[in-house]
Amino acid sequence: MLPTLQPFFQGPFREYGEAVTLSQTPDLPTLSHQFAEVSALKSAITRWALHEGIDSPRAHASVWHMRYCVRVLPTMLLSHSVLNRGLSIAAQDVQLCLVTQRLMLRTCGQPFTPGSSTGAKYHPMIFAHFAPLHAFLSTQFGIAERVLWSNLVFRLRQISTTVANVLPDASGLLQDVRTLLHRDCWQDQPNPLFGAQRNEYMASGKRVRGACCLLHAHPHKDYCGDCPKRPEFMAARKTARKQMACSTKSFSQ
């Protein structure tokens, strides 16, 4: 794990920190090089998914992505929103070990300028890390990018809540996550997290995701509790789609 975050990843939380570490092998290709080369990263994801018993290529990508988010987001959130320390996490600056699937960084980052906005803290994470990752997974496995952004929204909420519950003061973290999900643009670029959470809807008093993550394709998993494919949510899903279509049409006129 990163030395700066060791105090946070103690006891049962240690595994959440071990997936991101400092690079000890500078000769490994960067993540952006792996995107360009294609075969090594695609093969590693496929091998992992097949070992888990997942058959569909789309599910290979989505289930791997759900796991990847769990592995890397705790470090990103704690460093950026709690320590206020920016990590160099653009795809061209990091390495992904295909054996351990650990994300490896060059340094522990640098302190943000006091008063830095959420956009300044997280723009690289959204547009220089996850956006190219999603483009790669979509191109190579046929999974829609909207599914991957929906996955990321789900994991952001889940992990930030878990982290906040063990922090003495989580106000900065929770404010950053709220802003990440509800700001429609970052530096004149549409915010894909905003678009993903807008596709969610309410059914029986429960928030339902706009896209299924395909975790049920794993032989030991089932539909998530907020999955739009659950039978009890299907009628509400159709109604929500009609309402969103009408809203989009009205907005465009």
Side-chain angles (χ1 to χ4, degrees), residues 1-2 4-5 7-9 13 16-17 19-20 31-32 65-66 68-94 103 105-135 137 145-201 207 209-211 213 226 251:
M1 69 181 68
L2 299 182
T4 49
L5 295 177
F8 297 97
F9 294 126
F13 299 102
Y16 290 100
V20 182
L31 186 57
S32 60
H65 176 264
M66 286 284 279
Y68 181 81
C69 290
V70 169
R71 289 169 63 80
V72 303
L73 283 176
T75 291
M76 294 179 182
L77 292 174
L78 280 167
S79 187
H80 288 196
S81 291
V82 179
L83 293 185
N84 283 300
R85 192 177 185 91
L87 301 175
S88 296
I89 52 175
Q92 65 265 26
D93 295 326
V94 300
L103 188 68
L105 312 186
R106 295 173 181 170
T107 72
C108 292
Q110 297 294 327
F112 287 119
T113 302
S116 291
S117 68
T118 303
K121 295 177 183 177
Y122 284 97
H123 192 276
M125 184 190 86
I126 298 173
F127 294 103
H129 189 92
F130 280 105
L133 174 63
H134 293 177
L137 294 174
E145 290 192 42
R146 64 179 176 81
V147 173
L148 302 174
W149 289 113
S150 176
N151 291 355
L152 183 54
V153 167
F154 174 80
R155 289 305 196 198
L156 275 170
R157 285 202 183 104
Q158 179 190 50
I159 292 167
S160 63
T161 300
T162 300
V163 171
N165 285 337
V166 297
L167 290 177
D169 180 9
S171 56
L173 168 64
L174 295 177
Q175 180 57 51
D176 278 341
V177 172
R178 281 193 295 269
T179 305
L180 279 171
L181 298 184
H182 296 284
R183 181 72 60 84
D184 60 347
C185 288
W186 296 114
Q187 299 179 16
D188 297 326
Q189 291 178 278
N191 177 10
L193 298 175
F194 174 77
Q197 66 84 22
R198 279 194 68 197
N199 288 329
E200 299 170 343
Y201 56 93
R207 188 202 310 271
R209 269 183 269 177
C213 68
D226 61 348
F251 181 77

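Judged as a side chain to side chain donor-acceptor pair (under 3.5 Å), and not counting sequence neighbours, the contacts of R157 are E200. Judged as a side chain to side chain donor-acceptor pair (under 3.5 Å), and not counting sequence neighbours, R71 has no contacts. Under the side chain to side chain contact (heavy atoms under 4.5 Å, CB included) criterion, A170 pairs with A164, L167, L174, not counting sequence neighbours. Residues passing the ring-ring contact (aromatic ring centres under 6.0 Å, His included) test with F127 are H123, sequence neighbours excluded. Residues forming a side chain to side chain donor-acceptor pair (under 3.5 Å) with S81 (at least two apart in sequence, or on another chain): Y122, D176. F154 meets the ring-ring contact (aromatic ring centres under 6.0 Å, His included) test with no other residue; sequence neighbours excluded. For R183, there are no side chain to side chain donor-acceptor pair (under 3.5 Å) partners, not counting sequence neighbours. For T162, the side chain to side chain contact (heavy atoms under 4.5 Å, CB included) test picks out no residue, with sequence neighbours left out. When the salt bridge (Lys or Arg N to Asp or Glu O under 4.0 Å) test is applied to R106, the partners found at least two apart in sequence or on another chain are D93. Every residue meeting the side chain to side chain contact (heavy atoms under 4.5 Å, CB included) condition with A120, not counting sequence neighbours, appears here in chain and number order: S116, S117.
Annotation for Y16: atom OH does not count as buried by contact number, only 12 or fewer foreign heavy atoms lying within 6.0 Å.
Rounding to the nearest 0.5 Å gives a distance of 7.5 Å between OG1 of T75 and CG of L87. Note that NE2 of H65 is 5.0 Å distant from CG of L148, once rounded to the nearest 0.5 Å.
For R207 against D226, the heavy-atom pair with the smallest separation is O-CB, 3.3 Å. Taking every heavy atom of both residues into account, L2 and C108 meet most closely at CB-SG, 4.3 Å. Closest heavy-atom contact between H134 and W149: ND1-CE2, 3.2 Å. Considering every non-hydrogen atom in both L5 and L83, the closest pair reads CD2-CD1, 3.4 Å. When all heavy atoms of M66 and C213 are compared, the closest pair comes out as CE-SG, 3.9 Å.
Remark: the backbone N or O of L180 is paired with a side-chain donor or acceptor of N191 at under 3.5 angstrom. Counting only distance, with no hydrogens or angles, the side chain of S79 and the backbone of R85 share a donor-acceptor pair below 3.5 Å. Judged by distance alone, with hydrogens and angles left aside, the side-chain atoms of T179 form a donor-acceptor pair with the main-chain N or O of Q175 at under 3.5 Å.
Judged as a salt bridge (Lys or Arg N to Asp or Glu O under 4.0 Å), not a single pair has a partner in residues 164-174 (not counting sequence neighbours).
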